[in-house]
> 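Provided herewith is a single structure, encoded as structure tokens, for subsequent inquiry.
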Amino acid sequence: MGIGELDREAHVPEATSAGAAPRTLAEALRARDDEGLAALLRARPDLLSPVPNDLTQLATRAGTRGSVVRALERLDRFALQTAEALAVAPDPAPYPVLLALLAGDEGDPAIEAALPGAVALLREQALVWGEDDRLRLVRTARELLAPSAQHPSPTGLGPTVAEATAGMSPGRVQEIIAAAGLPATHDPVSAVAALTELFTDRARMGALLDEASPEALSVLDRLVWGPPYGEVTANPAPPVRWLRDRGLLLPVSARTMVLPREVALHLRGGRAHRAPEPVAPVVEVAREYRPQVVDSAAAGQAYTALATVEELLKSWDQGGPQVLRAGGMSVRDLKRTAAALDVTEEVAAFWLELCFGAGLLASDGEADERYAPTPAYDDWLDLPPAERWARLVAPWLTATRAPGLVGGQDAKGRTLAVLGPDLDRGAAPEVRHRVLELLATLPPGAAADPGTVFARLRWERPTRGAAQPVPPRAPQAAARTDETTGTGTGTRPEVHDDLRSRLARWTLVEAELLGLTGRGALASPARALLNLPLAEASTPADHGGRVELSVAAGRAATLLAPLLPEAVDHVLLQADLTAVAPGPLRRPLADALAVLADVESKGGATVYRFTPGSVRRALDSGRSASDLHDFLAAHSRTPVPQPLAYLIDDVARRHGHLRVGAASAYVRCDDDAVLGEILADRRSAALGLRRLAPTVLAAQTDPASLLDGLRSMGYAPAAESAEGDVLVTRADAYRTPARTAPAPVPEGPPVPDTTLLGAAVKAIRAGDRAATAVRKEPAAPVASAGGLPRTSAAETLATVQAAAMTGTAVWIGYVNAEGAASQRVIAPVRVEGGFVTGYDHTADEVRTYPLHRITGVAELADDQV
């Protein structure tokens with residue numbers, strides 16, 4: 001858009017008189033009250049970056065292409081259809097014309113009821129301005145939505161008769177109107193007007209089409225809903241020639257014909273759209289459950305989520321997988337994690353991203369960079385279960401990272417890795433909130449039909465993230481007209497696998513995994529998290545009083561706490577070397593038992609199995625055999641089985657019989673026969689052992705590898721310190737340095753709060769007053785650069801001193817230290833020391849300006865003082 005085109009919508013040399021219809025978008029904005037301006041800035045926050053100097057600049061910015069595209073993307077389907085109808089209507093368009101384009105000749109009560117709201121929404125967002133008798137679509141929006149050969153219109157309409165005949169010879173135009181039965185004219189302009197009048201006259205147009213053959217009508221049927229272009233041969237069939245001769249098809253090129261917009265609208269019954277959607281699709285109920293059942297199922301999922309996160313991060317206590325050079329985790333490590341958690345790779349990616357987003361997992365930043373839990377994970381473990389759950393779901397709700405993208409490809413064809421870059425999608429938080437809010441519109445206990453949820457989201461944001469149709473190389477590629485039958489082909493299937501739909505599908509799955517929903521229905525803790533009413537309600541709560549997310553998460557945790565199973569402090573030991581935990585174990589017992597035994601199965605009751613390796617692990621951590629016997633006796637509701645007691649004693653008897661230390665590594669044992677047995681074993685060849693003394697063997701490998709090698713041979717060696725003492729290897733977890741959780745990457749500027757909106761509106765009003773204030777004409781006008789007043793230093797000083805004495809406001813030009821020029825309206829109160837201090841109406845505050853930086857000063861007109 002050029003400067004001249006913007007000028008008609010934005011530039012205003014003087015204020016609009018009261019009660020007069022606005023002539024430009026700037027005048028329309030100037031007529032709004034403060035609440036109206038705040039509503040515009042709230043709906044289009046990009047207009048605030050930076051805050052416009054005045055309303056003229058605001059109108060100019062509201063008409064830029066980038067801002068208009070963002071605003072159109074946030075319209076619901078009917079508001080967008082209304083804008084599309086205005087793009088093919090005359091400019092300006094009276095309200096009845098717009099209604100006819102949407103409701104058609106027969107009318108539609110639903111459209112008649114919904115259209116005022118859609119027009120009001122477009123006006124609020126400064127996409128439409130003007131009174132109802134002269135509705136104008138912002139020029140940039142018209143350029144984006146109006147049909148053209150290079151940019152097909154969403155309505156499927158083609159150019160008007162005047163546009164299609166713009167390059168046609170006057171003789172050819174006269175031939176068309178003669179074939180259509182119209183009298184000849186003396187100029188092409190009146191001829192085109194007569195043809196347009198014919199095509200828009202329902203009765204005369206109907207009579208003309210009655211003369212058409214069924215084949216000719218079939219050609220029109222193929223083109224009527226778009227694309228309106230068709231390719232013809234050098235010698236078209238008689239039905240096509242008949243349509244061409246009468247202007248019902250107009251040539252675009254030597255082999256391309258187009259259906260004029262007026263003809264298409266007649267055939268459509270006046271409708272600009274095949275299927276207007278004035279009413280949002282209703283979210284339907286798939287199944288209904290008792291609310292208590294839903295809450296119980298959700299609480300079970302919430303407990304499983306906590307256990308899964310704990311299991312995942314505990315397995316990385318000594319360090320997790322390496323970080324790829326490009327960032328993220330490798331596919332092989334993701335497969336291992338999924339196998340360890342017994343879930344699919346997609347679900348494993350979700351748990352990893354959840355931990356990452358909550359700040360529980362990060363890279364350690366070392367040279368050989370690896371993933372590991374953060375110190376915040378230890379703090380998280382100390383919290384009650386419900387609060388731990390809240391610490392997971394609150395960051396998930398606002399995170400912009402989309403785990404569902406893992407495994408896909410970016411724009412350059414590179415595979416997206418879990419925990420890696422390029423997983424942020426700014427629409428993710430909005431979609432998550434909206435999906436949960438739609439579930440909340442159903443009665444408590446009702447599970448939504450996912451298809452209706454996706455349909456509602458597509459109606460609310462029809463173009464956001466949708467795949468745009470690929471424009472044809474030439475208009476004739478949109479449809480082809482057969483030279484004999486006149487049939488055409490070319491359809492544009494609606495795309496339903498857009499980003500928002502995928503985000504919605506992932507949200508439903510992730511909400512179920514986290515326990516926000518149970519059996520597909522929204523649970524009570526989730527309602528509290530969204531600050532929604534917990535009683536029966538058909539609509540969400542008013543969001544005007546929304547509380548902070550942390551407070552809402554605390555409320556949700558309070559509701560969840562009674563639903564979670566209580567931790568137990570005992571197990572049931574069995575004779576088959578297993579222990580059954582009848583519920584979630586308390587933290588000290590769970591940690592100790594995890595060292596002494598291996599988890600065999602999980603569920604409502606966790607089964608632990610005791611093995612020689614697990615018992616040795618407990619002994620390595622510094623426990624003695626008597627400690628293990630006492631521990632089991634204290635925490636078991638059943639007697640300690642004899643096989644388990646024998647297992648502990650047998651492993652303890654052999655534990656530490658061999659000692660491994662650093663020589664680079666050595667093995668010593670008081671029994672030289674055992675060392676001889678080791679040397680004779682073929683499996684020890686890889687360790688590079690040789691006897692240094694009857695009770696000492698030296699190895700060519702490090703102590704850790706030597707320990708592992710001897711254990712794999714069936715021995716139970718113990719590590720030894722430099723002083724010769726047994727080295728206790730307690731499970732001291734490896735942690736990264738302190739890390740903050742990744743900050744969400746929003747899509748565009750955030751929605752401003754009430755305080756910022758109020759300050760911005762005040763500043764814009766003040767700047768507009770300065771820009772539109774009427775000045776007194778000087779006796780001898782002096783040329784001014786950039787529109788700033790130019791006066792001598794003496795005249796400037798005298799004028800501001802006089803204004804300070806009389807208390808009147810003046811208009812000044814000012815250049816700051818950076819060289820930026822501006823104009824301001826100030827009321828001087830003090831002039832001294834080369835500075836003028838006064839109330840600046842533009843900034844709405846008292847400021848001091850150096851006199852040498854004031855380019856000039858002018859008095860305001862009497863009616864402006």
Side-chain angles (χ1 to χ4, degrees), residues 299 302-318 355 358 360-361 372-392 557 560-574 577-611 613-641 644-645 647-648 651-652 655 726-735:
Y303 173 73
T304 302
L306 297 178
T308 302
V309 169
E310 188 173 345
E311 178 185 359
L312 169 63
L313 295 182
K314 184 177 292 185
S315 66
W316 289 5
D317 263 347
Q318 302 306 316
C355 296
L360 308 180
L361 171 67
T374 64
Y377 169 64
D378 298 311
D379 300 334
W380 180 79
L381 285 176
D382 294 335
L383 296 174
E387 293 186 22
R388 280 190 278 146
W389 176 82
R391 293 288 182 92
L392 294 178
L560 179 67
L563 302 174
L564 293 175
E566 294 187 7
V568 297
D569 61 353
H570 64 274
V571 295
L572 306 175
L573 296 176
Q574 303 184 105
L577 299 181
T578 60
V580 178
L585 298 177
R586 291 183 179 176
R587 176 67 50 203
L589 175 58
D591 292 341
L593 195 59
V595 176
L596 180 57
D598 298 325
V599 176
E600 188 170 79
S601 65
K602 294 176 290 186
T606 305
V607 178
Y608 294 85
R609 178 163 294 280
F610 299 93
T611 66
S614 67
V615 174
R616 185 183 64 244
R617 187 170 64 228
L619 295 173
D620 286 343
S621 67
R623 297 287 189 100
S624 64
S626 59
D627 292 337
L628 299 181
H629 286 300
D630 294 342
F631 170 79
L632 293 175
H635 294 93
S636 175
R637 291 292 176 88
T638 59
V640 178
L644 179 56
L647 174 65
I648 294 174
V651 175
H655 185 263
V726 174
L727 188 62
V728 175
T729 55
R730 299 184 184 274
D732 293 329
Y734 176 72
R735 295 291 182 261

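Quick note: residue numbers are just sequence positions, from 1. Only this structure's heavy atoms are used, side chains among them; waters, hydrogens and symmetry mates stay out.
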> Is there a side-chain contact (heavy atoms from CB on, under 4.5 Å) between Trp389 and Leu383 once you walk through the steps?
CA-CA 10 Å; Trp389 176 82; Leu383 296 174; over 6 Å; no
> Report yes if the side chains of Phe610 and Ile648 come closer than 4.5 Å at any heavy-atom pair, otherwise no.
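The answer is no, as the side chains (C-beta and beyond) never meet within the 4.5 Å cut-off.
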> Under a 3.5 Å distance rule, please check whether His655 uses its side chain to pair with a backbone N or O of Val651 as donor and acceptor.
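Not a single qualifying donor-acceptor pair exists.
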> Which pairs count as side chain to side chain donor-acceptor pair (under 3.5 Å) when at least one residue sits in residues 303-314, sequence neighbours excluded?
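Those involving residues 303-314 are Glu310-Arg587, Glu311-Lys602.
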> How far apart are the closest heavy atoms of Pro373 and Tyr734, and which atoms are they?
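What the structure gives for the nearest pair is CD-O, 4.0 Å.
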> Tell me, please, which residues at least two apart from Arg609 pass side chain to side chain contact (heavy atoms under 4.5 Å, CB included).
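Result, side chain to side chain contact (heavy atoms under 4.5 Å, CB included) vs Arg609: Asp576, Leu577, Thr578, Glu600, Thr611.
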> Can you find a heavy atom in the side chain of Val599 that is under 4.5 Å from one in the side chain of Val607?
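No, every pair of side-chain atoms sits at 4.5 Å or beyond.
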> Tell me whether Asp379 contacts the main-chain N or O of Ala376 through its side chain, where contact means a donor paired with an acceptor under 3.5 Å.
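Between the backbone of Ala376 and the side chain of Asp379 there is no qualifying donor-acceptor contact (under 3.5 Å).
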> Testing the basics here: between Tyr377 and Leu313, what is the closest heavy-atom pair and its distance to 0.1 Å?
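Looking at all heavy atoms of both residues, the shortest contact is CD1-CD1, 3.3 Å.
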> Tell me the closest heavy-atom pair linking Arg391 and Ala358, and the distance in Å.
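Scanning both residues, the minimum pair turns out to be O-CB, 3.8 Å.
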> Any idea which heavy atoms bring Leu619 and Ala652 closest together, and the distance?
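Smallest heavy-atom distance, with atoms named: CD1-CA, 3.7 Å.
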> Using the side chain to side chain donor-acceptor pair (under 3.5 Å) criterion, which residues pair with Thr638? Sequence neighbours excluded.
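Listed in chain order: Ser636.
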> Would you find a donor on one side and an acceptor on the other, under 3.5 Å apart, between the side chain of Arg617 and the backbone of Val595?
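Yes, Arg617 side chain to Val595 backbone: donor-acceptor pair under 3.5 Å.
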> How close do His570 and Leu589 get, heavy atom to heavy atom, and via which atoms?
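Heavy atoms of His570 and Leu589 come nearest at N-CD2, 3.7 Å.
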> So which heavy atom on Ser614 is nearest to which on Leu596, and how close?
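Of all heavy-atom pairs spanning Ser614 and Leu596, the closest is OG-O, 2.9 Å.
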> Side-chain contact, heavy-atom cut-off 4.5 Å: Arg637 with Leu573?
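No - every pair of side-chain heavy atoms lies 4.5 Å or more apart.
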